[in-house]
Protein chains: 2
Amino acid sequence: MGGLMRRPTIMDIAKAAGVSKGAVSYALNGRPGVSEETRGRILAIARDLGWAPSSPARALSPGGRVGAIGLVVDRPAHSLGLEPFFMQLVSGIETELASSGVDLLLQVTEDMGAEIAAYRRWSAERRVDGVIMVDLRVDDPRVRVVEELSLPAVLLGGPEGTGSLPCLYTDDAGAMREVVHYLAALGHRRIVQVAGPEEFMHTRARVRAFLDAAEQAGLGEARSVYADYTGEAGTRTTRRLLAATDRPTALVYDNDLMAVAGLGVAHEMGVDVPSQLSIVAWDDSVLCRLVRPSLTAIVRDVVSYGRQAALMLGAAIGGGAVETREAPRGELYPRASTGPLGA
Amino acid sequence: MGGLMRRPTIMDIAKAAGVSKGAVSYALNGRPGVSEETRGRILAIARDLGWAPSSPARALSPGGRVGAIGLVVDRPAHSLGLEPFFMQLVSGIETELASSGVDLLLQVTEDMGAEIAAYRRWSAERRVDGVIMVDLRVDDPRVRVVEELSLPAVLLGGPEGTGSLPCLYTDDAGAMREVVHYLAALGHRRIVQVAGPEEFMHTRARVRAFLDAAEQAGLGEARSVYADYTGEAGTRTTRRLLAATDRPTALVYDNDLMAVAGLGVAHEMGVDVPSQLSIVAWDDSVLCRLVRPSLTAIVRDVVSYGRQAALMLGAAIGGGAVETREAPRGELYPRASTGPLGA
DNA sequence: GCCGTCTGCTTAACCGGTTCAGTTTTCTGT
DNA sequence: ACAGAAAACTGAACCGGTTAAGCAGACGGC
């Protein structure tokens with residue numbers, strides 16, 4: 001119990017076992033070059049001493065990994081807390097990382113310049129082995145940057161505009177078609193999508209699918225308006241839409257936060273949900289289940305999505321060629337916020 | 001342009017400048033030992049080469065820092081997304097870290113055993129220089145562990161039961177008294193607190209303050225019931241409370257998530273808010289502002305709270321003696337969910 | 001003219017691992 | 001019993017920084 005223990009090194013193990021540093025290294029890494037008997041002895045000593053490899057030392061060796069990956073979330077801090085998507089994603093990423101002892105570096109930035117600076121710094125300072133990037137944009141400059149840095153990366157989004165990077169994408173168009181058909185079947189004719197920021201690829205995909213599906217269903221007046229995912233934008237946009245003379249009878253929101261805000265506005269303006277207005281939220285969350293009426297939503301398994309992404313990034317870091325994959329698309333979960341008009 | 005560049009090292013700079021490694025190190029770290037002229041030349045070369053210090057190499061040096069701190073969030077993944085508190089905290093921590101180039105490692109765990117294992121691993125593998133711990137518990141085993149590991153740490157909570165660790169705390173009792181007086185002044189006599197998990201220190205403090213303040217205000221029937229911060233618990237508890245013959249006329253929830261769930265239940269049971277029931281949420285969030293009626297809440301500047309914690313941890317890592325500090329307490333923001341009975 | 005000090009730099013050790021090139025030991029075959 | 005190969009292990013270099021110790025030359029004092 002005497003004094004504060006220096007953390008044990010392989011040299012301590014080597015001395016205790018009466019062998020050289022090299023032998024200990026071979027033993028601990030399960031590599032040939034040491035007899036099974038010696039290996040057993042070394043492992044036992046390492047366990048007794050409570051040894052764990054020093055991550056910096058490992059990383060320093062030629063070809064060494066730092067054992068960490070990075071995730072930058074580029075959203076205004078105040079709107080962030082509300083998006084369960086990210087925390088679930090993080091949680092999914094970590095369940096995958098846990099088995100391999102890899103850590104996650106999280107950074108929250110206010111703009112894409114800062115996000116790119118983070119990648120540059122992480123790469124230059126050798127702080128991560130790779131990164132997961134979300135919210136793929138049109139002509140996304142981040143793609144160029146990580147390619148130039150030759151920083152292993154996996155993109156969430158696509159599958160277009162991803163350069164040489166592997167990506168994990170979902171069929172947002174398919175899910176959106178399901179939503180539109182569902183609303184058309186309920187008898188809605190004037191439907192509007194409150195979309196995310198126009199520069200996001202997934203916004204584009206959803207908008208295109210929304211308008212196409214609406215046209216095919218004969219819903220001539222369908223249109224999309226862009227917003228920025230914040231509650232304020234949801235409030236403002238909804239107020240404007242509902243104040244129009246020919247107000248829509250159904251609204252499809254690109255995130256849960258705006259949908260909840262929209263529900264609040266409808267309530268405030270005396271528009272009953274769902275008898276006078278149907279509401280659909282894109283990503284589901286506890287939030288959608290908690291508010292009254294509960295919100296019909298597109299449900300995705302975000303946790304597996306994150307896990308899958310981490311798995312792909314691990315492969316990319318390992319040096320393998322990783323191919324783009326499609327994750328299961330979201331499905332529509334009808335709840336209390338949608339229904340036929342006047343019901 | 002030719003081929004992929006190896007990342008530059010101080011050796012490359014030394015060669016280009018015609019000096020030794022050591023001189024370069026002195027120059028780059030602003031230490032004496034080189035002439036101002038040489039220093040300038042070395043800095044210029046470093047800039048041209050796009051040099052950045054290798055974090056693992058730095059950490060390996062005797063007395064070297066790894067330049068990262070850790071935060072473990074120990075909450076079930078599905079309930080997590082909804083608590084803006086954590087993302088705001090992270091955001092605050094990072095604004096402070098950004099200036100010193102320190103990174104944040106985030107881990108989400110499902111139980112405290114895993115949380116403790118994370119601290120042990122981080123310390124053993126030298127992955128962090130220190131940690132910030134949240135949700136201080138009664139007889140918190142984590143305190144012992146980080147003390148034993150001599151891992152620099154800052155606690156959010158307390159100020160009791162923190163052992164030798166510095167902590168950053170808020171006067172929850174004061175804020176709670178404000179809530180009770182406010183409700184009493186509105187004429188409420190039967191009030192109930194839907195508290196967080198009993199094992200949390202801040203739950204204890206709030207419950208004690210709630211009951212004491214209620215008694216002083218002559219609200220004999222006040223009581224607290226424990227819940228676990230999830231929406232489900234909020235729903236279940238509220239349903240039970242409102243079904244009683246002498247149902248409470250005001251409810252104080254320990255987080256925003258349960259408060260929103262409670263609001264939904266009231267709506268469902270035909271209990272009007274605020275004319276028949278007043279609702280107060282502890283931590284404010286976009287959520288409280290979005291739902292209808294908007295929720296009266298205790299507002300704290302969580303971002304500064306995180307920044308302050310990061311600052312203290314930086315000092316602790318630097319070796320200084322850091323003393324426990326009090327952060328500004330939360331304040332009551334009345335909104336639409338509270339009012340006099342029958343109004 | 002000589003000693004001492006200060007400046008500006010170099011040399012080399014060190015941090016804790018990995019790995020390659022040898023060297024010694026053990027095993028195998030005939 | 002002995003050569004040759006394979007297995008077990010050692011020693012040293014290396015990764016990219018930091019830092020203590022050493023050393024050459026300039027400068028000042030007396």
Side-chain angles (χ1 to χ4, degrees), chain A residues 5-43 45-46 49-68 101 121-127 129, chain B residues 5-43 45-46 49-68 101 121-127 129:
Chain A
M5 285 301 266
R6 194 175 39 83
R7 111 184 55 224
T9 73
I10 57 166
M11 196 58 213
D12 298 324
I13 302 177
K15 277 184 195 149
V19 295
S20 70
K21 259 173 70 173
V24 174
S25 180
Y26 291 137
L28 292 171
N29 291 308
R31 314 186 48 169
V34 47
S35 69
E36 281 313 310
E37 187 228 324
T38 309
R39 184 188 305 278
R41 192 156 40 94
I42 289 175
L43 288 176
I45 295 174
L49 260 47
W51 177 87
S54 154
S55 155
R58 272 238 165 107
L60 199 52
S61 273
R65 306 267 135 78
V66 298
R121 188 174 66 84
W122 279 346
S123 171
E125 298 181 357
R126 274 181 66 64
R127 285 187 177 267
D129 295 320
Chain B
M5 287 298 267
R6 194 174 41 81
R7 117 183 51 227
T9 70
I10 57 167
M11 198 56 211
D12 298 323
I13 302 177
K15 277 184 197 149
V19 295
S20 69
K21 259 174 70 174
V24 174
S25 180
Y26 292 136
L28 291 171
N29 292 307
R31 314 185 45 165
V34 292
S35 67
E36 281 312 308
E37 187 228 322
T38 308
R39 183 190 307 277
R41 193 156 39 94
I42 290 175
L43 289 175
I45 294 175
L49 260 48
W51 177 87
S54 154
S55 155
R58 272 240 165 106
L60 199 51
S61 272
R65 305 267 136 77
V66 298
R121 188 174 66 82
W122 280 346
S123 171
E125 298 181 358
R126 274 181 65 65
R127 286 187 176 267
D129 294 321

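Lettering follows sequence order; numbering is per chain, from 1. Hydrogens, waters and symmetry mates play no part in the numbers below; they use all other heavy atoms, side chains included.
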Does a side-chain N or O from Arg58(A) land closer than 4.0 Å to OP1 or OP2 of dG16(C), or not?
no

If you take atom types as modelled and just measure distance, does the side chain of Tyr26(A) reach the base of dA7(D) with a donor-acceptor pair under 3.5 Å?
no

Side-chain atoms of Ile10(B) come closest, of dC9(C), dG17(C), dT18(D), to dT18(D)

Pick the closest DNA chain C nucleotide for Gly22(B) and for Arg7(A) by heavy atoms, then say which residue is nearer the 5' end.
Gly22(B)

Which listed nucleotide (dG16(D), dG16(C), dT18(D)) is nearest to the side chain of Thr9(B)?
dG16(D)

Classify Ser25(A) by what it touches in the nucleic acid, base, sugar-phosphate, or nothing, heavy-atom distance under 4.0 Å.
base

Identify, between Arg126(B) and Ser35(B), the residue whose nearest nucleotide on DNA chain C lies closer to the 5' end.
Ser35(B)

Kindly say whether Arg31(A) contributes a backbone atom to a donor-acceptor pair with the side chain of Arg39(A) at under 3.5 angstrom?
yes

Out of dC15(D), dG17(D), dT19(D), which has the shortest distance to the side chain of Arg31(B)?
dT19(D)

Picking from dC15(D), dG17(D), dA13(D), which would you name as closest to the side chain of Pro62(A)?
dC15(D)

Give Ser20(B) one of three labels, base, sugar-phosphate or nothing, depending on what nucleic acid heavy atoms sit under 4.0 Å from its own.
base

Check if the side chain of Ser54(A) and the base of dG16(C) share a donor-acceptor pair of N or O atoms closer than 3.5 Å.
no

Does any donor-acceptor pair link the side chain of Lys21(A) with the base of dG11(D) at a separation under 3.5 Å?
no

Which heavy atom of Ser55(A) sits nearest a heavy atom of Val66(A), and at what distance?
OG-O, 3.6 Å

Using a cut-off of strictly less than 4.0 Å, decide whether Trp51(A) has a side-chain nitrogen or oxygen near OP1 or OP2 of dG16(C).
no

Counting the atoms with a prime plus P, OP1 and OP2 as sugar-phosphate, which does Ala52(A) contact under 4.0 Å by heavy atoms, base, sugar-phosphate, or nothing?
sugar-phosphate

